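Working notes for the structure below.
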Amino acid sequence: MSSGQGGGGHSLAFRVMRLCRPALQVDLGLRFDPGDLVQGEDSYEEDHGLLSGLDLREREGVYWKRTELERPIDALGLSGLLVLPQSFGSIYLGESFCSYISVGNHTTHDVRDVGIKAELQTERQRLTLADSTKAPMDYIRAGGRHDFIIEHDIKELGPHTLVCMAVYTDWDGERKYLPQYFKFMASNPLSVRTKVRTVKETTYLEACIENSTKSLLFLDHVRFEPQPPMTATVLEVENENDTDSDGPLSGLLKKIKVVKANGGIRHFLYQLTRPSGAPTVAKAEGSNTLGKLEIMWRTTLGEPGRLQTQQILGNPIARKEVNLHIVELPSRVLLERPFLVRLSVSNQTDRHIGPLQISMSQDDAQGVSRAIVVNGLWTMVVPQLEPFASTDFNLSLVATAVGVQKITGIAVVDVRDGKPYDTLLATEVFVEPE
C-alpha cells in the first residue's frame with residue numbers, strides 16, 4: 001500500500017500488505033504436436049508412409065487425436081498453482097479488511113521503548129485497531145522488525161485511511177514520533193433495488209440484487225426480516241442463471257445462487273402478510289415500514305461478505321382516524337324491498353372519538369337522486385369509541401331502480417363539531433325486479 005510521510009530522519013519504517021486469499025493460476029495455452037512445426041500432413045504421409053493401408057476414418061484419427069486432452073480436467077486450464085495478490089485490489093462494503101503490518105529498523109543501531117498504534121479513520125469515525133503505547137516494547141534490534149495483523153469489518157463507503165504510528169527512543173536518546181498513512185477506497189459490491197405491490201391485505205416485495213464487482217459472487221443466503229407482526233414467505237422466481245435441464249449438474253447449479261460479474265442480477269420475491277387479529281397500531285399511525293434484507297455472499301475463493309439494507313418502505317399509507325366499511329351484504333336485493341347492510345366503524349387512534357353521526361345524502365354531486373336510499377331516518381348516532389375500538393351496526397336501505405347500482409354517499413362526522421372523518425367507498429350491488 002502506498003503511504004504518506006515517515007521515512008526521512010527516522011530509524012523505523014512501516015510496511016503494510018493486505019492479506020487476502022490468492023487467485024487460481026489459469027493456463028489456456030495452445031496444445032500441439034511439436035512435429036507439426038517442421039512438417040505438415042502431406043509430408044508426414046510421403047516421408048513415413050504411415051497412412052498406407054488405412055481407410056479414411058483411420059487416417060483422420062492419426063491427426064485429430066493430437067488435439068485430445070490427456071486428462072479431462074486440463075480443459076479448465078488450471079495448473080494447480082495459486083497466485084499471490086500482486087496489488088492491493090478492491091475493498092468492498094461488508095467485507096473484512098485484514099492487513100499485515102511490519103515496522104522495521106533499517107539502521108545499524110537499536111531503538112528502545114517502542115510503542116506502536118494503528119488506527120483506521122473514515123469520514124465519520126476513528127477506530128483503534130492495535131495499541132501498545134501503554135506497554136511499549138523494550139527495543140527493536142538493528143535490522144530487526146516487529147510484525148502484527150489487524151482486521152476490521154468495512155461498514156462505511158468512501159475513503160479510508162490506515163494510520164500507523166510509532167513512538168520510540170533513537171540511538172542518541174531523542175524521543176521520536178513516526179506517523180505513516182495508507183489510504184484506500186471502500187466501494188459498494190451490490191446494488192439492491194426493490195418494488196412493492198399491495199393486493200388487498202397482502203404485500204409483495206420484489207428485490208433485484210445486482211453485482212457491481214468484477215468477479216462472480218456466490219450468495220449464501222438472502223433473507224428478509226419483516227417488521228413484526230408481519231410474516232414473509234419466499235416465492236420462487238426464474239433467474240437468468242437458471243436452466244431448463246433436469247440433470248444432476250443442472251440441479252446443483254440451480255441451488256448455487258451465482259451472480260455474474262459486472263452487472264449480473266438475481267431476483268427474489270417475498271409475500272408479506274399480517275396475521276388476522278394482529279394489532280393495527282402501526283397502520284393507524286401511518287407507518288409503512290416492511291423490514292430489512294440481509295445478504296451474505298462469498299467470492300470465488302470463499303471470502304465472506306455481509307450487508308444489511310436500511311428499512312424498506314412500502315406504499316404510503318393514508319392515515320385515517322376513523323374507518324367506515326361494509327361488513328356484510330344480503331345475497332339478493334329486490335326492487336323497492338328494504339334490505340339490511342351491516343357496516344363497521346372503527347377508531348384507529350389512541351384516544352377517544354365520538355359520538356359519531358352516520359348519515360346518507362339523498363342526491364349525488366350532480367344533484368341526481370340516488371338509486372339506493374335510506375329506508376327510514378337519514379341519520380343515526382354511534383356512541384363514543386374507545387382507542388382502537390370498533391362497533392358494528394345495521395343500516396336499512398331500499399333500491400329504486402333495477403340493474404347494477406351503487407351504495408354511496410354514507411359519511412361519518414363528529415356530532416359535536418361536525419368534523420368529517422370518512423366516507424364509505426362505493427359498493428356495487430345488483431338489484432333484481434320483483
Side-chain angles (χ1 to χ4, degrees), residues 93-94 188-212 217 219-242 254-255 257 259 264-297 306-329 342-350 353 385 387-392 412 421-428:
L93 186 69
N188 201 339
L190 300 172
S191 173
V192 181
R193 300 186 297 274
T194 59
K195 294 181 181 178
V196 178
R197 297 288 184 271
T198 301
V199 181
K200 295 184 179 180
E201 296 298 323
T202 304
T203 300
Y204 295 93
L205 170 66
E206 178 188 357
C208 175
I209 299 177
E210 180 179 347
N211 183 2
S212 302
L217 292 182
L219 298 180
D220 277 350
H221 79 262
V222 179
R223 181 173 60 193
F224 182 75
E225 300 176 355
Q227 185 81 1
M230 287 191 298
T231 58
T233 303
V234 182
L235 304 179
E236 294 295 330
V237 177
E238 291 291 334
N239 284 279
E240 59 178 9
N241 298 326
D242 295 341
K254 289 181 180 179
K255 295 180 180 179
K257 298 181 177 63
V259 189
I265 59 175
R266 286 195 74 93
H267 295 272
F268 297 85
L269 183 61
Y270 301 90
Q271 178 181 323
L272 311 180
T273 55
R274 183 184 298 272
S276 59
T280 57
V281 176
K283 187 174 180 179
E285 293 175 350
S287 172
N288 61 342
T289 300
L290 300 180
K292 298 179 180 179
L293 270 176
E294 183 184 54
I295 307 169
M296 298 183 67
W297 71 89
R306 176 183 177 273
L307 281 180
Q308 190 177 61
T309 66
Q310 295 180 344
Q311 290 285 0
I312 298 174
L313 302 180
N315 298 323
I317 299 175
R319 186 178 185 273
K320 284 185 177 182
E321 295 180 305
V322 175
N323 180 46
L324 178 66
H325 63 278
I326 293 178
V327 176
E328 185 179 356
L329 286 170
R342 190 166 185 80
L343 294 96
S344 175
V345 58
S346 58
N347 178 4
Q348 298 188 352
T349 69
D350 56 358
I353 286 184
L385 294 177
F388 304 111
S390 63
T391 184
D392 294 353
V412 183
Y421 282 117
D422 194 17
T423 301
L424 182 70
L425 294 176
T427 303
E428 291 184 344

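Note that the coordinates shown come from a computational prediction; the quantities given were computed from them, not determined experimentally.
- We find the NZ-CD distance between K292 and Q311 to be 5.0 Å, quoted to the nearest 0.5 Å.
- The shortest non-hydrogen separation linking F388 to Q348 is CE2-O, 3.7 Å.
- Considering R197, H267, R193 as possible partners of E206, the one that fulfils the side chain to side chain donor-acceptor pair (under 3.5 Å) test is H267.
- With values rounded to the nearest 0.5 angstrom, L190 atom CG is found 6.0 Å from L217 atom CG.
- Among all heavy-atom pairs drawn from R342 and D392, the shortest one is NH2-CB, 3.5 Å.
- For the pair T423/L324, no side-chain contact is recorded, criterion being any heavy-atom separation below 4.5 Å from C-beta on.
- Taken to the nearest 0.5 Å, the NE2 atom of H325 stands 6.5 Å off from the OG atom of S346.
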May I have the step-by-step check of side chain to side chain contact (heavy atoms under 4.5 Å, CB included) for I312 and Y270, ending in yes or no?
CA-CA 13 Å; I312 298 174; Y270 301 90; over 6 Å; no
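- Residues that satisfy the side-chain hydrogen bond (donor to acceptor under 3.5 Å, both in side chains) test with T231, not counting sequence neighbours, are T273.
- For the pair T289/L313, a side-chain contact is recorded, criterion being any heavy-atom separation below 4.5 Å from C-beta on.
- The minimum heavy-atom distance linking W297 with G94 is given by the pair CH2-CA, 4.4 Å.
- When all heavy atoms of P189 and L307 are compared, the pair lying nearest together is CG-CD1, 4.1 Å.
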- Task: Tell me, with the steps shown, if I353 and Y421 meet side chain to side chain contact (heavy atoms under 4.5 Å, CB included).
- Result: CA-CA 10 Å; I353 286 184; Y421 282 117; 3.9 Å; yes
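- The pair E294-R223 counts as a salt bridge, with a side-chain nitrogen and a carboxylate oxygen less than 4.0 angstrom apart.
- Here CG of N211 is found 12.0 Å from CZ of R266. Values are rounded to the nearest 0.5 Å.
- Nearest heavy atoms, S344 versus V327: CB-CG2, 3.4 Å.
- Closest non-hydrogen pair, L272 versus A232, comes out as CD2-CB, 3.5 Å.
- Atoms CG and CE, on L219 and M296 in that order, are 11.0 Å from each other to the nearest 0.5 Å.
- The closest side-chain heavy-atom distance from V192 to F268 is not below 4.5 Å.
- Between the side chain of T198 and the backbone N or O of V196, no donor-acceptor pair lies under 3.5 Å.
- Once rounded to the nearest 0.5 Å, the distance linking CZ of F224 with OG1 of T233 reads 11.5 Å.
- For the side-chain hydrogen bond (donor to acceptor under 3.5 Å, both in side chains) test, residues two or more places apart in sequence or in another chain that qualify with D220 are R298.
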